[in-house]
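Shown next, in structure tokens, is the structure this report addresses.
Below, read A as the first sequence line, B as the second, and so on, with proteins coming before strands; counting in each chain starts at 1. What you see is a predicted model; the values in this text were computed from it and never measured.
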Amino acid sequence: GEDVEQSLFLSVREGDSSVINCTYTDSSSTYLYWYKQEPGAGLQLLTYIFSNMDMKQDQRLTVLLNKKDKHLSLRIADTQTGDSAIYFCAEKRSYIPTFGRGTSLIVHP
Amino acid sequence: DTAVSQTPKYLVTQMGNDKSIKCEQNLGHDTMYWYKQDSKKFLKIMFSYNNKELIINETVPNRFSPKSPDKAHLNLHINSLELGDSAVYFCASSPRGRGYTFGSGTRLTVV
């Protein structure tokens, strides 16, 4: 099975909050990341959290880390149509970065 | 100024051909990567180089050969292209332990 798991799709209404969830398996991961991929583009680093933190906030983005359950989430407040993209969770252990399959966020007007 | 640049952006070629994709980063990062993204958007690491030294070599056919002439460049050469090689290939770089910066991808189509 995969080391990093995410649900494949999330649909929200514009203005609502979006929560994208991710589970990972390696408790020794030092950094956990969220990336955004818009159609036809490369991945853009949105935010990251160090493993000794449990929360990080950056404007509309809130990252929550539950190390005990190996669960990471990304909350986007006041979701806009421009937030429609694929969001990838990733963990890094040693030199090996592992990505989830990505969650397609669809924002309806 | 593009941080991680890949060329070409699109590559259409026939089965059996040999092709190369180039990648350059101007961020001073120590580590560079090649990823393959399939049609279902799954990202799989192929190779990683740290200071010109190969450190990750996942299970990819030996038709794929990375080459790192210096710390700022990591090229990918593919021999005898097959239909299943069609995908988007991303180059990325990172400083030790931190987030990756990705190139915009090379869409390879083998016909």
Side-chain angles (χ1 to χ4, degrees), chain A residues 1-10 20 22 24 26 28-53 56 58 61 63 65 72 74 84-106, chain B residues 2-10 21 23-25 27 29-59 68 74 87-109:
Chain A
E2 292 160 22
D3 294 332
V4 180
E5 294 193 358
Q6 305 175 236
S7 53
L8 292 181
F9 298 99
L10 176 64
I20 303 171
C22 168
Y24 61 98
D26 191 341
S28 67
S29 294
T30 50
Y31 291 93
L32 295 138
Y33 307 90
W34 284 104
Y35 282 84
K36 177 183 181 182
Q37 185 180 28
E38 295 179 350
L43 277 74
Q44 171 198 355
L45 178 65
L46 276 182
T47 187
Y48 66 92
I49 189 167
F50 191 51
S51 58
N52 68 352
M53 298 168 66
K56 181 176 179 181
D58 183 3
L61 305 178
V63 178
L65 175 60
L72 183 73
L74 174 70
S84 293
I86 302 175
Y87 290 81
F88 290 90
C89 168
E91 62 172 343
K92 187 171 187 188
R93 353 156 197 148
S94 187
Y95 287 110
I96 304 174
T98 303
F99 286 79
R101 282 189 173 268
T103 299
S104 288
L105 175 64
I106 301 158
Chain B
T2 305
V4 179
S5 60
Q6 297 179 227
T7 53
K9 191 170 172 64
Y10 299 97
I21 307 171
C23 179
E24 175 181 4
Q25 54 100 0
L27 298 165
H29 289 170
D30 291 325
T31 311
M32 295 185 73
Y33 310 83
W34 277 109
Y35 279 87
K36 179 181 179 180
Q37 187 176 45
D38 63 22
S39 58
K40 295 183 180 175
K41 304 298 183 186
F42 181 48
L43 266 173
K44 186 168 173 56
I45 188 161
M46 301 173 70
F47 302 103
S48 176
Y49 271 72
N50 181 257
N51 283 321
K52 301 199 301 173
E53 187 179 332
L54 180 66
I55 54 170
I56 296 173
N57 183 358
E58 293 295 295
T59 308
S68 183
L74 181 62
V88 181
Y89 292 84
F90 286 101
C91 177
S93 71
S94 73
R96 279 178 169 262
R98 300 297 171 88
Y100 315 96
T101 303
F102 280 80
S104 55
T106 297
R107 183 173 293 277
L108 171 66
T109 305

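Proximity to chain A is absent for every atom of B:Lys44, based on heavy atoms less than 4.5 angstrom apart. For A:Phe88, the part sitting under 4.5 Å from any heavy atom of chain B is the side chain, from C-beta outward, and nothing else. Contact annotation for A:Gln37: only side-chain heavy atoms (C-beta onward) come within less than 4.5 Å of a heavy atom of chain B. Contacts between A:Ile86 and chain B at a heavy-atom distance below 4.5 Å involve the side chain alone, from C-beta outward.
Here B:Ser104 is the residue among B:Gly103, B:Ala92, B:Ser104, B:Gly105 with the most heavy-atom pairs under 4.5 Å with chain A.
Around atom CZ of A:Phe9, no more than 12 heavy atoms belonging to other residues, nucleotides or ligands sit under 6.0 Å away.
Every side-chain contact (heavy atoms from CB on, under 4.5 Å) that B:Asp30 has, sequence neighbours left out, goes to B:Asn50, B:Asn51, B:Lys71, B:Arg96.
How far NZ of B:Lys41 is from CZ of A:Arg101: 13.0 Å, rounded to the nearest 0.5 Å. A distance of 7.0 Å separates OG of B:Ser94 from OH of A:Tyr33, quoted to the nearest 0.5 Å.
At least one side-chain heavy atom of B:Leu43 sits less than 4.5 Å from a side-chain heavy atom of A:Leu43.
Between B:Phe102 and A:Phe99, the ring center distance clears the sub-6.0 Å criterion.
B:Tyr100 contributes no side-chain N or O that, together with a main-chain N or O of A:Gln44, makes up a donor-acceptor pair within less than 3.5 Å.
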